[in-house]
Amino acid sequence: MITIPSQEFTDLLNEISKKWQEEWSKNRIFEADPRDQKKFFTTVAFPYPNSPFHLGHGRTYVTGDVYARFMRMRGYNVLFPMGFHFTGTPIITMADDVAKGDKDLLDIFRNIYEIPPDVIPKLSDPLFMANYFKEEIKAAMREIGLSIDWRREFTTIDPHFSAFIVWQFSKLQKKGYVVKDTHPVGWCPVHNLPVGMHDTKGDMEPEIGEYVVIFFETKMGSLAAATLRPETIFGAVAVWINPKATYAVVESWGRRVIVSERAAEKLKFQIDVKVLEKVNGSELLKITAINPVTGKEIPVLPADFVDPTTATGVVMSVPAHAPFDYYYLKKAKVSIEPIPVVAVEGQGESPAKELVESSHPKNDADLKKLTEQLYRLEYNKGVMRSDVLRLVKEELRAELSPIAGKQVPEARKMITDLLLQRKAGTKILEIMNKPVYCRCGNEVVVKILQDQWFLDYGNPEWKAKAKKLLANMRVIPEETRKDFEYALDWLQKRACARTRGLGTPLPWDKKWIIESLSDSTIYMAYYTLSHKLREFGLHPSQLTEETWDYILLGEGDVKAVAERNKIGIEALQELRRHFTYWYPLDLRHSGPDLIPNHLSFFIFNHAGIFPEDLWPRGVAVNGFILYEGKKMSKSLRNIVPLRKAIRTYGADVIRIALSSLVDMSSDANFTEAGARAITDNLKRFYELMQMRSGSSIDGTPERWLRSKLHRLVRDVTPLMESMRFREVINELLFNLSSYINEYLEMVRSESREYNNDVIREVVETWTKLMSPFAPHLTEEMWHQMGHNTFLSLESWPTPDFNKINDEVELEHEYHKLLIEDIRAILNVYKGKPSAVVLYVHDGSLNQVVKSALDVLSKGGTMKDFMQMNTPKSKEEARTLQRIMQYVTEMPETVKRLVLSNVNEMDVTRKGVPFLRYKLNLEVEVLPYTQEVRQKINKEALPYRPAILVK
RNA sequence: GCGGGGGUGCCCGAGCUAGGCCAAAGGGGGUGGACUGAGGCUCCACUGGAGUAGUCCUGCGCGGGUUCAAAUCCCGCCCCCCGCACCA
């Protein structure tokens with residue numbers, strides 16, 4: 001056999017890839033138009049070009065392409081288009097970072113992605129960046145062999161596309177799915193802009209949480225104590241103030257309120273705040289406050305641990321449940337008895353007290369740990385003590401009485417509602433993981449945005465439609481359906497417009513830009529038309545709402561629409577024809593990260609805008625890619641650019657490694673060793689194709705190999721349909737390869753040459769089966785085998801059931817079992833074996849074995865078997881017992897052999913050449929007789945010959 | 001916290017919804033051998049332990065249980081990963 005060194009083969013792969021990519025493109029074989037043929041429309045989430053592709057990006061695209069290619073071979077008119085997502089802020093952010101000279105980023109661009117030095121400065125222009133990376137990504141897509149119809153390419157800032165988005169939002173607006181509301185966001189007071197994770201130092205996502213503010217009346221105004229545990233108000237015995245901080249008396253919530261000066265500043269972003277006067281914290285210590293629930297007068301005490309920058313800078317003191325409070329009260333030698341509020345089984349009266357006294361915290365950090373521990377415990381396991389009611393002031397007692405015995409979460413809600421209702425408290429928002437800093441260095445605050453536009457995914461009618469869509473949609477893998485159900489349920493109002501970024505302005509409020517996850521929900525429809533819009537030379541201004549209504553919904557009168565928008569009737573009808581041919585979308589591919597957002601919006605928007613018969617039919621979700629066991633990340637500097645990987649390993653190898661090495665839903669680990677294994681296996685088939693020196697003898701080995709091949713075709717086809725690519729590749733690349741080796745051994749054991757026709761049949765079928773995975777190599781092989789059609793357009797093979805030969809396969813399996821048994825013996829055999837004798841049972845027990853099998857298959861046990869056969873002697877009973885045991889542990893192959901009624905002696909004898917070859921020993925097959933039994937003192941059972949090693 | 005997914009042999013990873021073909025697929029790696037001028041190619045054998053006979057023991061996160069029989073079913077526990085919004 002000819003062997004090619006691996007590197008040479010990789011070079012060959014690259015050469016072949018280039019050649020066929022050019023051929024495909026030149027012959028436009030992936031350009032699909034409506035025709036009289038069943039169609040399959042598939043898309044993969046379009047890329048966001050703010051970086052070149054790395055290995056990880058490749059997976060979804062290749063997975064989608066493998067399926068597209070498969071469906072094409074299954075006789076579908078397949079459309080696989082691609083576009084580019086320019087909308088939003090990340091491109092701008094990235095360009096900003098380049099402009100600012102971000103060291104890490106520049107280093108990655110220069111040294112990992114190998115972007116030419118003269119290009120890098122130009123990337124500070126967002127549009128240049130987007131276009132540059134778009135071309136870069138496109139090149140990668142071509143080089144990996146995606147079967148895309150490139151005529152339809154567009155970007156989301158093309159004016160035609162904007163016209164389409166305007167239509168989409170007008171539709172949503174008219175259906176009442178767009179609403180106006182207020183919304184809290186992380187906000188930079190200097191930029192005057194919302195900040196997300198991308199905009200903060202260290203990429204911290206600002207987490208917004210809610211504090212309950214409780215008003216403690218004083219003669220200077222209400223002290224606004226902020227708390228996360230309002231239910232402990234019953235046990236508030238003092239109010240903490242930081243004596244070193246400045247406080248402000250302000251007018252807010254319709255009253256005079258005392259908060260820290262810093263809090264007053266921040267609260268301005270949430271509510272109206274009018275600062276009346278400023279006071280030193282120490283001054284406040286002179287006053288006393290009233291607990292609004294108990295009505296008791298309590299002291300205002302100094303505490304350094306109170307952070308004036310967090311929430312209101314005023315804290316209520318609950319020594320029974322807050323370790324800080326107990327610790328500092330004790331330290332200040334204030335003698336106030338803690339008042340327990342929450343009871344936890346197995347805990348003492350005053351948990352904070354006990355915790356502090358038993359674990360001796362040394363500093364605030366220790367106290368913080370204790371606090372978290374206690375909060376968690378009481379939140380999850382605590383119930384409200386009933387004796388707290390005694391403390392409640394008269395007018396609230398009746399209303400609060402149900403709180404006794406309630407779980408903490410419920411009690412919290414109850415008391416909060418009461419406080420709010422009585423105007424004894426309110427809620428404020430705060431950054432929970434503070435401090436979070438904007439890139440400009442300022443601390444991020446919470447701002448409540450007024451007049452924000454939302455898509456109302458909480459709208460019950462819309463939600464119901466979305467769920468219906470999901471219920472009728474294919475989800476691959478099926479387990480992911482749960483994630484979708486959860487996401488659809490959970491989605492509520494979602495802001496759909498931003499103040500900055502690239503994209504389409506909201507049609508009715510042009511200062512807002514439609515946000516990127518909102519303008520990419522039904523764009524698949526646009527693919528069906530994009531090249532036609534260009535072809536007809538339509539201007540965006542002609543793409544009015546009614547134009548789209550006609551094309552996409554079939555609404556309106558063609559003539560009138562054509563006339564008013566100065567579009568030819570034929571053109572309009574043609575567009576409508578294209579759209580209706582391709583829509584609905586058959587399958588959408590993406591990564592799992594898009595389930596709670598993009599894919600769910602995709603479902604919602606289709607459900608909201610299109611009639612049911614145009615709802616998408618399926619989604620497929622695949623896992624991520626790891627590199628040598630680790631997630632690819634900037635910080636690890638282990639990002640592998642896709643194009644580089646293609647150059648190193650070859651497109652086909654990368655395709656297989658990305659799409660088919662693990663189950664769809666799991667993350668795939670790309671390793672150098674794994675890639676090499678794929679290369680070597682591909683190479684083996686390529687070499688196999690070049691084998692030419694065989695014979696034409698057509699015997700058992702040939703029947704066996706054909707049987708294996710056709711069985712494989714049969715099994716692999718449904719696996720392809722359900723996208724179980726891992727199993728397919730396992731069969732095609734690894735199992736089939738070992739079948740061939742096995743076949744060659746069988747042939748050799750008969751001391752003859754292999755059969756040319758069989759090998760050719762195997763290789764030719766293999767090229768077809770393998771074509772979706774390794775389109776370049778197989779296309780080349782197909783042509784080298786003398787065909788002049790495109791393999792990519794050939795039909796998927798169908799199995800010839802007549803060639804699936806159970807008997808031949810079973811017999812061969814049995815021979816292998818015999819070899820295993822003999823080897824097990826040889827393994828412990830001392831001395832040099834010269835020959836093996838197999839004494840085959842005469843078959844007189846076959847009936848009994850069959851009946852034992854029958855009992856077992858019906859779920860019966862030894863007992864049933866014994867009862868059925870009623871042994872007449874002890875010896876017979878023993879034999880029956882042995883047989884039952886034997887049958888219980890019997891390999892499937894043997895079971896089927898027993899049931900097949902073939903003659904065991906014949907079957908065994910047929911295997912002699914192969915056994916000899918594999919064992920490299922003389923093998924003899926003889927009948928098992930009484931004499932033999934006495935001589936070797938071993939027992940034989942059906943298909944378990946007595947084995948003697950000499 | 002809520003929701004989802006996991007913990008399998010040196011590593012990666014199937015199997016576990018339908019309990020017996022499971023010492024547990026497949027790949028990687030390792031060891032030995034064949035081929036070869038040489039091989040990082042290819043092929044064969046071995047790769048939990050013990051054993052002069054096809055067997056036995058241990059074993060699929062931990063601890064119990066059901067069953068003639070459990071990686072697979074039930075109960076409890078521990079640990080890991082992912083998502084949780086205006087951000088692509």
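Keep in mind that the numbers below use all heavy atoms, side chains included, and drop hydrogens, waters and symmetry copies.
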Q: Please pick, from B/rA14, B/rA45, B/rU42, the nucleotide with the shortest atom-to-atom distance to any side-chain atom of A/R726.
A: B/rA14
Q: What is the distance, to the nearest angstrom, from the OH atom on A/Y627 to the C1' atom on B/rG28?
A: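 Going from A/Y627 (OH) to B/rG28 (C1'), I get 15 Å.
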Q: If you check every side-chain atom of A/Q492, which of B/rA25, B/rA85, B/rA88 has the closest atom?
A: B/rA85
Q: Of the listed nucleotides (B/rA53, B/rG27, B/rC87), which one gets closest to any side-chain atom of A/F734?
A: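 Nearest nucleotide to the side chain: B/rG27.
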Q: So for A/N730 and B/rG26, does any side-chain atom that can act as donor or acceptor lie under 3.5 Å from a complementary atom in the base?
A: no
Q: Whole angstroms only, please: what is the CG-C1' distance between A/D483 and B/rG6?
A: 13 Å
Q: CD1 of A/I819 versus P of B/rC44: gap in Å, rounded?
A: 13 Å
Q: Do A/K938 side-chain and B/rG54 base share a donor-acceptor contact under 3.5 Å?
A: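 Under the 3.5 Å cut-off, the side chain and the base do form a donor-acceptor pair.
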Q: If you check every side-chain atom of A/N827, which of B/rG27, B/rA88, B/rG51 has the closest atom?
A: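 Output: B/rG51.
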Q: Checking contacts here: which listed nucleotide (B/rG28, B/rA85, B/rC2) is nearest the side-chain heavy atoms of A/Y486?
A: B/rC2
Q: For A/S660 and A/R726, which I'm curious about, is there any donor-acceptor pair between the side chains at under 3.5 Å?
A: no
Q: On RNA chain B, nearest-nucleotide positions of A/P945 versus A/P596: which is more 5'?
A: A/P945
Q: Given B/rC43, B/rC87, B/rG54, which nucleotide is nearest the side-chain atoms of A/N741?
A: B/rC43
Q: Atom CD of A/E745 and atom P of B/rA34: how far apart are they, to the nearest Å?
A: 17 Å
Q: Which one, B/rC87, B/rG54, B/rA45, comes nearest to the side chain of A/R944?
A: B/rG54
Q: Tell me yes or no: between the side chains of A/S518 and A/E515, is some donor less than 3.5 Å from an acceptor?
A: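 Yes, side-chain donor-acceptor contact under 3.5 Å.
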Q: Take A/F914 and A/H815, measure what ring pair (Phe, Tyr, Trp, His ring centres under 6.0 Å) needs, and give me the verdict at the end.
A: CA-CA 8 Å; A/F914 190 62; A/H815 298 154; 7.2 Å; no
Q: Go ahead and name the base partner of B/rU42; Watson-Crick or wobble counts if both distances stay under 3.5 Å, otherwise write none.
A: B/rA34
Q: Whole angstrom is fine here: how far is it from CD1 in A/I595 over to P in B/rG5?
A: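 Value for this atom pair: 11 Å.
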Q: Measure CD1/A/I431 against P/B/rC86 and give the value in whole Å, please.
A: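 Rounded to the whole Å, the gap is 10 Å.
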Q: If you assign A/E820 and A/L626 each to the RNA chain B nucleotide with the nearest heavy atom, which residue ends up on the more 5' nucleotide?
A: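 The residue closer to the strand's 5' end, by nearest nucleotide, is A/L626.
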Q: Would you kindly say whether A/D456 and A/W462 are connected by a side-chain donor-acceptor distance under 3.5 Å?
A: no
Q: Could you tell me the separation between the CD1 atom of A/I825 and the C1' atom of B/rA53, rounded to a whole number of Å?
A: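 From A/I825 CD1 to B/rA53 C1': 5 Å.
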Q: Can you name the one residue among A/K482, A/K463, A/K467 that meets salt bridge (Lys or Arg N to Asp or Glu O under 4.0 Å) with A/D489?
A: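 The salt bridge (Lys or Arg N to Asp or Glu O under 4.0 Å) with A/D489 is passed solely by A/K467 among A/K482, A/K463, A/K467.
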Q: Tell me: CD1 of A/I947 to P of B/rU55, nearest whole Å?
A: 10 Å
